[in-house]
Amino acid sequence: MSKSSLQGRRIRLGMIGGGEGAYIGGIHRFAARLDNEYELVAGAFDVNAERGHAFAAKNYIAADRSYNDYTAMVAAETAREDGVDVVAICTPNFTHFPIARAFLEAGIDVICEKPLTTTLDDAEALNEVVRSTGRFLGVTYTYSGYPMIMEARNRIAEGLIGKVRTLQVEYPLEWMATGVELNNQQAAWRVDPKKNGRGGSIGDIGTHAYHLAGYVTGLKAESVIADLATFVEGRALDDNAHVMIRYEGGARGMLWSSQVAIGCSNSLRLRVFGETGSLSWFQEQPNELVYTPLEGYTQTIKRGRDDLYDLTKARTRTPPGHPEGYIEAFTNLYSGFASALRARDLQREINGIAAAVPQIYDGLKGVAFVDAVVDSHEQGNVWITPKYR
């Protein structure tokens with residue numbers, strides 16, 4: 001059944017997974033509500049249908065729109081005049097492909113957690129479904145939603161630091177420094193190749209770092225060489241990764257991802273060095289961007305200033321001195337997805353903040369990066385060119 005126009009109303013949102021006890025589901029719901037663009041109206045929130053229905057009731061979802069599984073949801077929602085416009089997929093990696101494909105083929109747009117899929121074949125197939133159906137698929141590479149990341153992106157594009165020579169990006173965590181997967185469901189599927197894909201830390205958090213580096217600099221990876229390690233005994237996937245990257249145009253990069261870095265809570269950091277200056281950003285202090293010009297003084301550029309780029313200000317909600325963080329960054333992605341959906345509904349070009357959010361090709365590149373990294377390591381630490389860049 002054809003859906004009504006998106007103009008003059010909230011976007012009807014559905015959700016797969018993300019129920020009771022699921023951290024990321026709550027973040028998606030907060031982000032969808034904050035700018036008043038969406039209304040959560042339906043979902044299949046848990047693999048245990050009884051728990052899912054209880055969660056739906058607690059969140060004021062109508063009983064007839066709480067589903068046992070995603071297949072039942074596809075069938076019912078496509079038959080309704082007021083069916084969901086877009087669905088958020090908040091499930092483990094190995095389920096992303098079948099769920100996304102089912103909704104896209106049914107004419108329903110998708111917002112998907114990263115990595116997009118567990119295999120490159122599935123990512124390519126999903127890319128083809130998006131192309132053939134004309135549907136929208138957004139990927140939640142959250143950190144690209146921060147205002148000061150947008151500021152860094154614009155400053156580099158306008159030549160503030162000159163041609164980029166080298167960059168360093170790291171994403172270390174400590175939460176899996178011991179065998180927590182033995183009694184932690186969220187950790188357990190992340191160390192299972194059948195559920196997480198070929199990469200452990202490199203697939204779970206390394207893809208965030210890789211996307212952020214390319215998003216800010218505009219650089220495309222030419223080749224990668226990787227050294228993966230598994231420090232906690234019994235794991236089948238890496239929990240630490242070191243990757244060197246050669247970019248088109250001659251720039252060089254270094255990427256470190258780790259799930260076993262004691263003392264690091266969520267320590268994503270990016271540093272970019274050009275011919276005439278440098279920029280650095282730290283996720284745990286996200287409202288500041290540090291700029292150092294050649295033969296000049298280091299400057300701290302703070303979110304909320306009047307002289308920032310328009311797209312930076314468009315991602316800012318509070319005055320200077322009032323910190324914004326992770327949920328607001330996630331909301332910026334949801335708002336960008338909404339702008340893209342509304343523009344397509346009017347058959348208008350997707351530009352501005354809508355064009356700056358991660359979409360299907362970003363997800364495809366992320367899976368290709370993981371494949372190239374694992375191939376490099378398994379083949380004896382050799383240079384590998386990612387299939388998509």
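Quantities reported herein were computed from a predicted structural model and do not represent experimental measurements. Both backbone and side-chain heavy atoms feed into the values below; hydrogens, waters and symmetry mates do not.
- Because its NZ or CZ atom is not both nearer than 6.0 Å to the ring centre of Phe273 and within 45° of the ring axis, Arg165 does not count as a cation-pi partner of that residue.
- Salt-bridge annotation for Glu170 and Arg271: absent, with no side-chain N of the basic residue lying under 4.0 Å from a carboxylate O of the acidic one.
- Under the 30°/60° scheme for interplanar angles, the aromatic rings of His211 and Tyr141 are found to lie parallel.
- Taking the six-membered ring where the residue is Trp, Trp256 and His242 present parallel rings, their angle staying beneath 30° rather than reaching 60°.
- A salt bridge does not link Arg101 with Asp122: every distance from a Lys NZ or Arg NE/NH1/NH2 to an Asp or Glu carboxylate oxygen is 4.0 Å or more.
- Note on Glu324 versus Arg315: no salt bridge recorded, every NZ/NE/NH1/NH2 to OD/OE distance being 4.0 Å or above.
- One finds no salt bridge joining Asp239 and Arg190 here, because no Lys/Arg side-chain nitrogen approaches an Asp/Glu carboxylate oxygen to under 4.0 Å.
- The existence of a salt bridge linking Arg65 and Asp82 is confirmed by a sub-4.0 Å separation between a basic side-chain nitrogen and an acidic carboxylate oxygen.
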_Worked check of salt bridge (Lys or Arg N to Asp or Glu O under 4.0 Å) between Arg235 and Glu181_ = CA-CA 9 Å; Arg235 287 181 178 162; Glu181 59 267 26; 2.9 Å; yes
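- Ion pairing between a basic and an acidic side chain is recognised when a charged N comes within 4.0 Å of a carboxylate O; Arg342 and Glu37 show such pairing.
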_Between Arg303 and Glu288, does the salt bridge (Lys or Arg N to Asp or Glu O under 4.0 Å) criterion hold? Intermediate values first, please._
CA-CA 6 Å; Arg303 183 200 53 77; Glu288 298 179 353; over 6 Å; no
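- The closest side-chain heavy-atom distance from His28 to Phe330 is below 4.5 Å.
- A salt bridge links Asp310 with Lys313: the closest approach of a Lys/Arg side-chain nitrogen to an acidic carboxylate oxygen falls below 4.0 angstrom.
- A salt bridge links Lys387 to Glu124: one of the charged nitrogens lies within less than 4.0 Å of a carboxylate oxygen.
- The two residues Leu219 and Ala251 make their nearest non-hydrogen contact at CD1-CB, 3.8 Å.
- Judged by a 6.0 Å distance limit and a 45° cone about the ring axis, Arg153 is positioned over the six-membered ring of Tyr215.
- Note on Asp307 versus Arg305: salt bridge recorded, some NZ/NE/NH1/NH2 to OD/OE distance being below 4.0 Å.
- Salt-bridge check for Arg51 with Glu20: failed, with every basic side-chain N at 4.0 Å or more from each acidic carboxylate O.
- Annotation: cation-pi geometry satisfied between Arg246 and Trp383 (NZ/CZ under 6.0 angstrom from ring centroid, within 45° of ring axis).
- Hydrophobic clustering (ILVMFWY, side-chain heavy atoms < 4.5 Å, transitive): Leu212 and Leu364 are in distinct clusters.
- Annotation: side chain of Trp175 is in contact with side chain of Asn184 (closest heavy-atom distance under 4.5 Å).
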*Could you please spell out the steps behind the salt bridge (Lys or Arg N to Asp or Glu O under 4.0 Å) verdict for Lys114 and Asp204?*
CA-CA 8 Å; Lys114 44 54 53 195; Asp204 187 34; 3.7 Å; yes
